[in-house]
Amino acid sequence: MPARLLKRFKSRRMTLPPESDCARDTSGTSAPDRNRCWYIKPMLDFWQSLLAALERIAMLPSLIQSVLPTLPSRKRVRDAVRTYDRSMDDLLREIQRLLEAPLDPAKLLQMSGKLHDEFAPKLQASDICMLPSYNDKLPTGREQGTYLALDVGGSTFRVAVVELNGHKPGAKSMRIVNMKSYKIDNSVRYLRGTAFFDWMAEKIEAAITDPQVKTNGTQSFSMGLAWSFPVEQTSIHSGNLLAMGKGFRATEGTLGQDLCELIMAPCRKRNLPVSLDSIVNDSSATLLSRAYEDPATRFAVILGTGFNIAVHLPTSTLAASKYKGYPKKWLDEANHVLVNTELSMFGKNVWPLTRWDEQLLAGHVRPDFQPFEHMISGRYLGEIVRLIIVEAVKTAGLFSGDIPDKLNEPYALDTGTLAAMEMDGSKNFTNAIALFQSKHPLSKPPTYNDIHFVCQISQLVSHRAAAFLAAGIHALWMLRTEAEGLTPATAERLAIGCNGSVIEKYPLFRELCQSHLDELTTASGAEPKSISLEIAVESAIFGAAVAACCLES
């Protein structure tokens with residue numbers, strides 16, 4: 001029950017003590033009482049402050065030798081006396097206030113409305129977002145057949161034989177019969193031009209000649225490709241190759257050439273019984289794979305290191321100029337189309353920024369390119385927490401005022417590390433302390449209070465991200481509802497396929513997003529639980545196969 005889950009999650013976070021002047025516990029004890037104030041200022045701080053005052057009036061030099069003989073120099077005395085601008089409790093209260101202030105349903109609805117207003121001009125004219133694909137059909141879930149699915153990512157090339165069984169009794173609707181994974185290391189990334197596609201064909205041949213796959217010598221495979229790089233698509237099965245980035249040299253001498261032909265040419269040389277019939281991006285693959293199992297699926301969310309959303313819209317939602325070059329037959333027959341929204345690029349003047357968000361953008365190479373992604377994706381959640389930690393060390397005495405050297409480096413704190421720390425169920429954060437110390441060593445291991453603070457702020461940052469994602473989904477839901485000639489009250493149930501490390505694995509992220517979605521849709525007049533977030537397992541592989549099967553329906 002999402003509402004109760006959200007309430008319980010918030011109550012777990014909002015455990016701050018009342019306003020007080022007590023300072024942080026520096027004793028290093030491993031199991032402090034959770035009901036007492038977080039940080040108790042040791043009496044030693046009082047005496048050191050007194051000694052510092054005496055030193056300033058020239059009384060300390062002789063006194064220091066008799067009282068603190070272990071501190072031979074005035075410099076070491078000053079280093080031992082650390083004063084901070086605020087207490088940890090005060091800083092945490094401010095962080096909580098700044099990060100939770102925008103999460104009121106009324107404010108989220110306002111942000112959704114502003115985002116919705118940004119869609120109109122991009123639906124009319126933009127060559128970088130709101131991009132129609134050539135996928136106009138969604139699966140019924142009854143299609144059957146065996147397909148070869150290719151998934152090309154930044155570090156892995158996967159070739160899978162996928163069986164689609166529809167609603168056949170006693171069988172899974174989608175099944176991976178066999179799958180081979182091939183690592184893409186630098187030796188592969190550095191393959192120039194056609195050499196990379198020769199390597200792909202070699203691996204396709206190895207996969208389909210496996211004894212578990214080759215059922216007879218004449219079997220031919222229809223292939224679907226999930227391509228995780230930019231491509232200027234020119235048909236359902238072709239597209240002009242664009243720069244791949246990430247160190248790949250496959251575009252050297254092949255830039256702008258047809259991706260389908262680049263793959264099929266070496267396959268034909270090897271006499272492979274395959275044909276490349278569809279090319280999809282990762283968000284479209286996720287939508288198609290989930291739609292095969294749940295026909296109510298009309299959206300797909302990708303949220304891991306990056307962020308994107310695909311949506312199934314009436315073709316009339318986009319300007320005619322968006323379909324320049326599309327064949328007349330397609331234009332005559334298609335009434336809906338899968339749209340790659342590139343939603344990460346929206347929201348520049350929508351999301352309220354904290355000083356840590358502003359610091360992140362100040363150091364970013366392209367601060368205005370993907371405003372939405374900066375607020376919610378795995379690439380940036382850890383960086384926002386890192387910036388808060390740096391401030392907490394300097395101004396409030398986190399980690400006794402010391403900071404691991406690496407944490408001074410941008411993007412040094414991985415979002416996955418924060419997720420693992422939040423999942424620590426041990427009484428005293430034993431596992432989280434050990435993990436943080438292994439990743440970011442301190443001369444003195446962090447205390448329970450240190451790690452409790454880090455987990456609190458990471459929870460607040462991830463909660464804000466989940467709420468902002470809900471606002472973005474709500475804005476697109478309103479766009480689609482209007483485009484279909486419906487109202488929130490008359491809109492049918494809608495499912496969203498979800499894929500990516502953050503929305504799949506970050507503790508309670510999807511549940512929190514679902515809770516905010518429920519609030520926003522009901523506040524708009526829809527029936528309760530009008531939208532459901534559903535995990536799309538192996539979406540790239542299954543989606544590539546489903547894309548090929550949709551061509552035959």
Side-chain angles (χ1 to χ4, degrees), residues 2 133 135-145 147 149-151 153 158 160 162-168 171-176 179 224-228 236 278-304 306-313 336-341 343 469-470 472-474 476-477 480-481 484 491-506 509-511 513-514 517-518 521 529-551 553:
S133 67
N135 297 90
D136 60 313
K137 296 176 182 177
L138 291 181
T140 64
R142 296 187 295 272
E143 297 87 352
Q144 296 184 27
Y147 301 88
L150 312 179
D151 174 29
R158 298 190 298 167
V162 175
E163 189 176 82
L164 302 177
N165 296 307
H167 299 298
K168 189 186 297 183
K172 290 184 177 180
S173 60
M174 300 187 293
R175 184 172 76 93
I176 296 176
M179 183 163 66
L225 168 66
W227 183 256
S228 300
I236 191 68
S278 67
I279 298 173
V280 292
N281 66 17
D282 53 359
S283 59
S284 293
T286 299
L287 197 158
L288 290 168
S289 68
R290 190 61 208 166
Y292 187 81
E293 295 194 294
D294 186 347
T297 305
R298 295 295 183 273
F299 284 64
V301 172
I302 305 295
L303 183 58
F307 165 59
N308 196 14
I309 293 183
V311 57
H312 194 242
L313 290 174
H336 283 76
V337 63
L338 277 184
V339 176
N340 171 16
T341 66
L343 199 65
L469 173 59
I473 293 172
H474 179 267
L476 279 176
W477 175 74
R480 180 186 176 275
T481 298
E484 294 285 1
E492 72 278 13
R493 173 187 167 272
L494 183 144
I496 298 178
C498 300
N499 182 259
S501 55
V502 172
I503 199 163
E504 287 189 66
K505 299 177 181 179
Y506 203 98
F509 190 99
R510 182 165 61 101
E511 291 85 349
C513 184
Q514 181 71 67
L517 264 178
D518 291 343
T521 52
K529 304 185 185 305
S530 294
I531 300 177
S532 61
L533 299 172
E534 303 173 354
I535 298 299
V537 179
E538 288 288 7
S539 63
I541 287 294
F542 286 133
V546 172
C549 91
C550 285
L551 301 176
S553 59

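Remember, predicted model here, so these are calculated numbers, not experimental data.
The closest side-chain donor-acceptor pair between Thr286 and Ser539 falls under 3.5 angstrom. Side chains of Thr140 and Glu143: a donor-acceptor N/O pair is present below 3.5 angstrom, by distance only.
Of all heavy-atom pairs spanning His474 and Leu517, the tightest one is N-CD2, 4.2 Å. Nearest heavy-atom pair, Arg158 versus Ala540, reported as atom, atom and distance to 0.1 Å: NH2-CB, 4.3 Å. Across Phe299 and Ile473, no two heavy atoms sit closer than the pair CE2-O, 4.4 Å. Annotation for Ser278 and Gly224: closest pair OG-CA, 3.4 Å, computed over non-hydrogen atoms. Nearest heavy atoms, Leu288 versus Ala547: CD1-CB, 3.7 Å. Considering all non-hydrogen atoms of both residues, Phe542 and Met174 come closest at CE2-CB, 3.6 Å.
Residues Val337 and Asn135 fail the side-chain proximity criterion, which asks for heavy atoms closer than 4.5 Å.
Here Trp227 contributes atom CH2 and Asp151 contributes atom CG; the two are 11.0 Å apart, rounded to the nearest 0.5 Å. In this structure, SG on Cys550 lies 9.0 Å from CG on Leu164, to the nearest 0.5 angstrom. The CG atom of Leu313 lies 8.0 Å from the CG atom of Leu476; values are rounded to the nearest 0.5 Å. Taking CD of Glu163 as the reference point, atom CZ of Arg175 lies at 4.5 Å (rounded to 0.5 Å). Atoms OH and OG, from Tyr292 and Ser173 in turn, are 6.0 Å apart once rounded to the nearest 0.5 Å. Rounded to the nearest 0.5 angstrom, Leu287 CG and Arg290 CZ are separated by 11.0 Å.
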(request) Please test Ile302 against Phe307 for side chain to side chain contact (heavy atoms under 4.5 Å, CB included), starting from the C-alpha separation and ending with a verdict. (result) CA-CA 5 Å; Ile302 305 295; Phe307 165 59; over 6 Å; no
(request) Applying side chain to side chain contact (heavy atoms under 4.5 Å, CB included), run through Leu225 and Val280 and close with a yes or a no. (result) CA-CA 6 Å; Leu225 168 66; Val280 292; over 6 Å; no
(request) List the steps and the verdict of side chain to side chain contact (heavy atoms under 4.5 Å, CB included) for Leu469 and Leu303. (result) CA-CA 9 Å; Leu469 173 59; Leu303 183 58; 3.9 Å; yes
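Under 4.0 Å is where a charged nitrogen must lie from a carboxylate oxygen, and between Glu492 and Arg480 at least one such pair does.
Remark: the backbone N or O of Lys172 is paired with a side-chain donor or acceptor of Asn165 at under 3.5 angstrom. With Gln514 contributing its side chain and Leu533 its backbone, the two residues share a donor-acceptor pair below 3.5 Å. At distances below 3.5 Å, not a single donor-acceptor pair connects side-chain atoms of Ser284 with backbone N or O atoms of Asn281. At least one donor-acceptor pair under 3.5 Å links the side chain of Thr341 to the backbone N or O of Ile309. A side-chain donor-acceptor contact under 3.5 Å links Ser133 to the backbone of Leu338.
Partners of Glu504 under the side-chain contact (heavy atoms from CB on, under 4.5 Å) rule, at least two apart in sequence or in another chain, are Asn499, Ile535.
The list of side-chain hydrogen bond (donor to acceptor under 3.5 Å, both in side chains) pairs with a residue in residues 294-304, not counting sequence neighbours, reads Asp294-Arg493.
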